[in-house]
Amino acid sequence: MNTPIIRSALFVPASRPERIPKALAVGADAVIVDLEDAVQESLKVEARANLDAFLSANPEARLLVRINAPEHAGHAADIALCARHAGVVGVLLPKVESAAHVARVAACAKPVWPIIESAAGLLALADIAHADGVERLSFGALDLGLDLGLSSGSAAAERILDQARYALLLQSRVAGLGAPLDSVFPAIEDREGLARTARDARDMGFDGLLCIHPTQVEIVHRALCPADEELAWARRVMAAASSGAGVFVVDGQMVDAPVLGRARRLLQRAGEACD
């Protein structure tokens, strides 16, 4: 599957519809209007109506929607809302634990982004990744950590969560999906921590991160962008590749197909087109 790089996917609560245009203007690669965790239970119906009204009034808008979990009373109504609006370009499915959960959502003919948040979801990851309609995967570190009994924020917990990240990366590749997105970084004021987390996600093969605040978008984009020297190297490689040779030398080092692929991906991450 040839999917675009998504460096940042910014959540905005459907209970605050005035924030949706602001989120769309921030510059995130994707905006996710949230009907689930960011909306308290008493406001669920109102939030859905807010999103319905916004999409009707702004047919040019393009956004994703995080619907309520499969067992939630509003799940079916959320799917129906997504199905009737062309502006919904993807659906995030939280707490997914089976391919059957995906199938219910995929019936609305929108790309599905399953969010793995439990041991059961992690165990069924291969089936979920191969389900029809899935475009890319993500996970909820806090929910998954709670389900697994981890001590949130500890080095030991991160070692376990890194295994979950590996599983998402592996199953995404095998299923031909877009690269996965890392979980949210909850410490909004910790700019350096966010940048470090974004660089780690990049180096682990993830496209980017789910974001919970507009200020996180620029930090994530900057952290994910290759260094100037990396881009200069990649441009030299692509220029040399134009000769058509299968194997060649750049800066004294052999370049073959895997190295060429790395150069191409660096340029793509920086937003530079390459053949």
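In what follows, every heavy atom counts, from backbone to side chain, and hydrogens, waters and symmetry copies are set aside.
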Would you call [X] and [Y] a salt bridge, taking side-chain N to carboxylate O under 4.0 Å as the test?
X	Y	value
Glu230	Arg235	no
Asp162	Arg159	no
Arg48	Asp78	yes
Lys44	Glu36	no

Side-chain H-bond candidate by donor/acceptor type, [X] with [Y], under 3.5 Å:
X	Y	result
His85	Asp52	yes
Ser118	Glu97	yes
Glu41	His72	yes

Nearest heavy-atom approach of Leu35 to Ala14 is CD2-CB, 3.5 Å

Where do Ala234 and Ala263 come nearest, in terms of heavy atoms and distance?
->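 Nearest heavy atoms, Ala234 then Ala263: CB-O, 3.6 Å.
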
- [ ] Look at the side chain of Ser172 and the backbone N and O of Leu177, then say whether any donor-acceptor pair between them is shorter than 3.5 Å.
- [x]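 Between the backbone of Leu177 and the side chain of Ser172 there is no qualifying donor-acceptor contact (under 3.5 Å).
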
For this session: Say whether, by atom type as modelled, one donor and one acceptor occur between the side chain of Asp29 and the main chain of Arg7 under 3.5 angstrom.
Result: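 Side chain of Asp29 to backbone of Arg7, a donor-acceptor pair under 3.5 Å: yes, one is there.
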
Quiz item: Side chains of Ser8 and Leu209: closer than 4.5 Å at any heavy-atom pair?
Solution: no

Subject >> Gap between atom NZ of Lys95 and atom CG of Asn68 - 0.5 Å precision >> reply: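 Reported to 0.5 Å precision, the distance equals 9.0 Å.
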
field: Residue Arg173 excluded, over 12 heavy atoms near CZ under 6.0 Å
entry: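 For Arg173, atom CZ is not crowded (no more than 12 foreign heavy atoms under 6.0 Å).
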
